[in-house]
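Please read all numbers here as calculations on a predicted model, not as lab measurements.
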Amino acid sequence: MIKQKLAGPPGFSTDLSLKNEELVRLRHLIHNQWLEHIKSLAPEQVNRFEELGMERYHEASKLLDHSSMWPKKVRILPRNAVLEIRKMNFFRQLEDYFGQFEISDEENVGREEIYWRLVRPNEKNDIGPLHADGWFWELGHGATPDNVVRVKIWIGIYVEPGFNGFRYVPDSHLKDWPYHAELKHGFNKPVIDVAEDSLDWLLFESNPGDTIIFHDKLLHGGAIGRGNSTRVSLEFTMFVKPW
């Protein structure tokens with residue numbers, strides 16, 4: 001059923017979710033990396049952020065240079081964390097549906113990339129525009145092995161249902177959308193040539209631990225936080241056998 005949803009309408013599936021103990025463990029792994037990075041760059045502030053926790057990160061984020069502090073490479077979980085996550089029941093379910101799969105290494109860090117994001121409430125610069133992940137690959141970001149297709153996973157770690165999270169345009173993977181490339185931070189990034197307010201996007205009203213599995217041509221992006229907490233999510237790209 002998941003494969004059919006990805007290939008045809010609507011282009012995504014929300015059928016799987018994490019067990020509570022898996023969510024708790026993921027939160028722990030992400031929190032440790034987040035706090036260690038703050039400690040490495042702003043040791044005088046680490047106690048303040050440890051007291052607040054990730055959900056309240058925004059309350060003190062102005063104590064840091066947020067815009068430069070969190071490039072993707074520092075948000076990629078370490079190898080031991082990835083190996084642990086790979087053993088979770090959620091991954092066994094993915095393998096039941098898709099067979100054995102690899103996870104991409106788009107940043108060439110030498111290991112499978114599972115990475116997290118921080119989106120503060122009411123901070124439009126914390127999210128990007130609607131896009132299709134396939135466009136990044138078309139612009140040369142990462143290499144795809146032969147005889148596989150790409151499938152993306154988004155997991156809500158700390159989310160407020162209806163107030164922050166993941167937005168998407170159902171069925172949009174069935175159409176080729178116009179876009180152009182803009183050079184940002186030394187890399188060509190895709191920008192859609194359609195006004196976002198003309199697209200009927202929806203918000204995935206996820207609870208913590210809910211996941212959305214989607215086609216990499218599906219238009220999607222982060223939602224501006226309208227709640228009271230920092231949104232934390234986890235993402236990765238699978239290389240799976242065609243179906």
Trainee: Indicate the atoms forming the closest heavy-atom contact of Leu218 with Asp171, along with that distance.
Mentor: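 Looks like CD1-N, 4.2 Å.
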Trainee: Output the distance between atom CG (Asn228) and atom CG (Asn164), rounded to the nearest 0.5 Å.
Mentor: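 Here the rounded value is 10.0 Å.
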Trainee: Mind checking whether Ile157 and Trp116 have side chains closer than 4.5 Å, heavy atoms only?
Mentor: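 No - every pair of side-chain heavy atoms lies 4.5 Å or more apart.
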Trainee: Mark yes or no for whether Glu22, through its side chain, and Asn89, through its backbone, hold a donor-acceptor pair below 3.5 Å.
Mentor: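 Judged by distance alone, yes, a pair lies under 3.5 Å.
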Trainee: Do Met88 and Ile212 share a hydrophobic cluster, counting only Ile, Leu, Val, Met, Phe, Trp and Tyr and linking them when any side-chain heavy atoms are less than 4.5 Å apart?
Mentor: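 Result: no, two separate clusters.
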Trainee: I'd like to know if Trp177 and Trp201 are part of one continuous hydrophobic network [Ile/Leu/Val/Met/Phe/Trp/Tyr, side-chain heavy atoms within less than 4.5 Å].
Mentor: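 In one cluster with Trp201: Trp177, yes.
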Trainee: Starting from the C-alpha separation in whole Å, work towards a yes-or-no answer on salt bridge (charged side-chain N to carboxylate O under 4.0 Å, His left out) for Glu123 and Arg231.
Mentor: CA-CA 11 Å; Glu123 292 285 352; Arg231 183 259 280 179; over 6 Å; no
Trainee: Do Gln33 and Pro78 have side chains that get closer than 4.5 Å, going by heavy atoms?
Mentor: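 Yes, at least one pair of side-chain atoms sits under 4.5 Å.
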Trainee: Any non-hydrogen side-chain atom of Ser67 less than 4.5 Å from a side-chain atom of Asp65?
Mentor: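 Yes, close enough: below the 4.5 Å cut-off.
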Trainee: Are Met54 and Leu52 connected in a single hydrophobic cluster, I mean Ile/Leu/Val/Met/Phe/Trp/Tyr linked by side-chain heavy atoms less than 4.5 Å apart?
Mentor: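 Unlinked, Leu52 and Met54 end up in two clusters.
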Trainee: I'd like to check the ring-ring contact (aromatic ring centres under 6.0 Å, His included) partners of Tyr115; sequence neighbours left out, ordered by chain and number.
Mentor: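 Result, ring-ring contact (aromatic ring centres under 6.0 Å, His included) vs Tyr115: none returned.
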Trainee: Do Asp133 and His220 make a side-chain contact, defined as non-hydrogen atoms from C-beta onward lying under 4.5 Å apart?
Mentor: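 Yes, close enough: below the 4.5 Å cut-off.
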Trainee: Any chance you could lay out the side chain to side chain contact (heavy atoms under 4.5 Å, CB included) test for Leu118 and Val232, step after step, and finish with the verdict?
Mentor: CA-CA 5 Å; Leu118 290 167; Val232 182; 3.9 Å; yes
Trainee: Calculate, to the nearest 0.5 Å, the distance between atoms CG and CH2 belonging to Leu234 and Trp154 respectively.
Mentor: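 Reported value, rounded in 0.5 Å steps: 10.0 Å.
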Trainee: Taking the side chain from Arg92 and the backbone from Lys87, do they hold a donor-acceptor pair closer than 3.5 Å?
Mentor: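 Side chain of Arg92 to backbone of Lys87, a donor-acceptor pair under 3.5 Å: yes, one is there.
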Trainee: Got Tyr168 and Phe166 here, is their nearest side-chain heavy-atom distance under 4.5 Å?
Mentor: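 Side-chain contact under 4.5 Å: yes.
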Trainee: I need the single residue from Lys73, Arg75, Lys72 that forms a salt bridge (charged side-chain N to carboxylate O under 4.0 Å, His left out) with Glu107. Which is it?
Mentor: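 One option only clears the test, and that one is Lys72.
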Trainee: Taking a hydrophobic cluster as the set of Ile, Leu, Val, Met, Phe, Trp and Tyr residues connected by side-chain heavy atoms closer than 4.5 Å, whether directly or through intermediates, do Leu77 and Leu18 fall within one such cluster?
Mentor: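 In one cluster: yes.
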Trainee: Where is the tightest heavy-atom contact between Val169 and Ser172, given as atom of each residue plus distance?
Mentor: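 Of all heavy-atom pairs spanning Val169 and Ser172, the closest is O-OG, 2.6 Å.
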Trainee: Can any side-chain N or O of Glu196 pair as donor or acceptor with the backbone N or O of Pro129 at less than 3.5 Å?
Mentor: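 Side chain of Glu196 to backbone of Pro129, a donor-acceptor pair under 3.5 Å: no, none is there.
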Trainee: Do Ile76 and Val74 land in one hydrophobic cluster if side-chain heavy atoms of ILVMFWY residues count as linked below 4.5 Å?
Mentor: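 Result: no, two separate clusters.
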Trainee: Can you check side chain to side chain contact (heavy atoms under 4.5 Å, CB included) on Phe101 and Glu95, steps first, answer last?
Mentor: CA-CA 7 Å; Phe101 59 85; Glu95 289 181 339; 3.6 Å; yes
Trainee: Please give me the minimum heavy-atom distance between Ile103 and Glu112, naming the atom from each residue.
Mentor: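 It is N-OE2, 2.9 Å.
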Trainee: Answer yes or no: does atom NZ of Lys39 have more than 12 heavy-atom neighbours from other residues, nucleotides or ligands under 6.0 Å?
Mentor: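 Atom NZ in Lys39 is not crowded, with 12 or fewer foreign heavy atoms closer than 6.0 Å.
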Trainee: Which pair of non-hydrogen atoms, one from Asp126 and one from His66, has the smallest distance, and what is that distance?
Mentor: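 Closest heavy-atom pair between Asp126 and His66: OD1-NE2, 3.5 Å.
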Trainee: If only atom types and distance count, is the side chain of Thr230 paired as donor or acceptor with the main-chain N or O of His58 below 3.5 Å?
Mentor: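 Between the backbone of His58 and the side chain of Thr230 there is a qualifying donor-acceptor contact (under 3.5 Å).
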Trainee: Out of curiosity, Leu94 CG to Thr211 OG1, how far, rounded to the nearest 0.5 Å?
Mentor: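 One gets 7.5 Å once the value is rounded to the nearest 0.5 Å.
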Trainee: Centres of the His31 and Tyr158 rings: under 6.0 Å?
Mentor: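 Ring-ring flag for His31/Tyr158: false, centres at least 6.0 Å apart.
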Trainee: Check the orientation of His37 and Trp70. Use parallel for under 30°, tilted for 30 to 60°, and perpendicular for over 60°.
Mentor: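 Tilted, since the angle between the ring planes falls between 30° and 60°.
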Trainee: Give a yes or no on whether Asp200 atom CG has more than 12 heavy-atom contacts from other residues, nucleotides or ligands under 6.0 Å away.
Mentor: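 No.
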Trainee: If we ignore hydrogens and angles and just use 3.5 Å, is the side chain of Trp243 paired with the main-chain N or O of Lys3 as donor and acceptor?
Mentor: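 Here the side-chain-to-backbone pair exists.
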Trainee: Using side-chain heavy atoms (C-beta onward) and a distance below 4.5 Å, is Leu64 in contact with Leu41?
Mentor: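 Leu64 vs Leu41: side chains apart.
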Trainee: Measure from the side-chain N and O atoms of Glu182 to the backbone N and O of Val191, and report whether any donor-acceptor pair falls under 3.5 Å.
Mentor: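 Judged by distance alone, no pair lies under 3.5 Å.
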Trainee: Closest heavy-atom contact between Gln45 and Leu63?
Mentor: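 Distance-wise, the nearest heavy atoms are OE1-CD1, 3.3 Å.
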Trainee: Taking all atoms of both residues into account, what is the closest heavy-atom pair of Ala60 and Phe49, and its distance?
Mentor: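 Minimum heavy-atom separation between Ala60 and Phe49: O-CZ, 3.2 Å.
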Trainee: Using side chain to side chain contact (heavy atoms under 4.5 Å, CB included), reason through Arg79 and Val82 one step at a time and then give a plain yes or no.
Mentor: CA-CA 5 Å; Arg79 186 188 303 273; Val82 172; 5.7 Å; no
Trainee: With a 6.0 Å cut-off (strictly less than), is the heavy-atom count around CZ of Phe239, excluding the residue itself, greater than 12?
Mentor: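 Enclosed.
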Trainee: Surrounding CG of Asp96 (heavy atoms of other residues, nucleotides or ligands, distance under 6.0 Å), is the total greater than 12?
Mentor: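 Correct, the count exceeds 12.
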Trainee: Answer yes or no on whether Arg117 is positioned over the face of Tyr57, meaning its NZ or CZ is under 6.0 Å from the six-membered ring centre and within 45° of the axis.
Mentor: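 No, Arg117 does not lie over the aromatic ring of Tyr57.
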Trainee: Decide if atom CG of Asp176 counts as having more than 12 heavy atoms of other residues, nucleotides or ligands within a radius under 6.0 Å.
Mentor: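 Check fails, neighbour count at 12 or below.
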Trainee: Could you grab the distance from atom CG of Leu199 to atom CG of Leu219, nearest 0.5 Å is fine?
Mentor: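 Rounded to the nearest 0.5 Å, the CG-CG separation comes to 6.5 Å.
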Trainee: Compare all side-chain heavy atoms of Trp137 with those of Ser104 and state whether any distance is below 4.5 angstrom.
Mentor: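 Answer yes - side chains close enough.
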Trainee: Does the ring center of Phe236 lie less than 6.0 Å from the ring center of Phe91?
Mentor: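 Between Phe236 and Phe91, the centre distance is under 6.0 Å.
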Trainee: Any sub-3.5 Å donor-acceptor pair from His173's side-chain atoms to Gly8's backbone N or O?
Mentor: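 Side chain of His173 to backbone of Gly8, a donor-acceptor pair under 3.5 Å: yes, one is there.
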Trainee: Is any side-chain heavy atom of Tyr97 closer than 4.5 Å to one of Leu16?
Mentor: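 Yes, side chains in contact.
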Trainee: To the nearest 0.5 angstrom, please state how far the CG atom of Asn207 sits from the CG atom of Leu23.
Mentor: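 Here the interatomic distance stands at 10.5 Å.
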Trainee: Can you tell me if Gln4 uses its side chain to pair, donor with acceptor, with the backbone of Met1 under 3.5 Å?
Mentor: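 Here the side-chain-to-backbone pair exists.
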Trainee: Would you indicate whether Glu44, at its atom CD, is surrounded by more than 12 heavy atoms from other residues, nucleotides or ligands within a distance under 6.0 Å?
Mentor: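 Atom CD in Glu44 is crowded, with more than 12 foreign heavy atoms closer than 6.0 Å.
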Trainee: Output the distance between atom OG (Ser13) and atom NZ (Lys5), rounded to the nearest 0.5 Å.
Mentor: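 So the OG of Ser13 and the NZ of Lys5 are separated by 4.5 Å.
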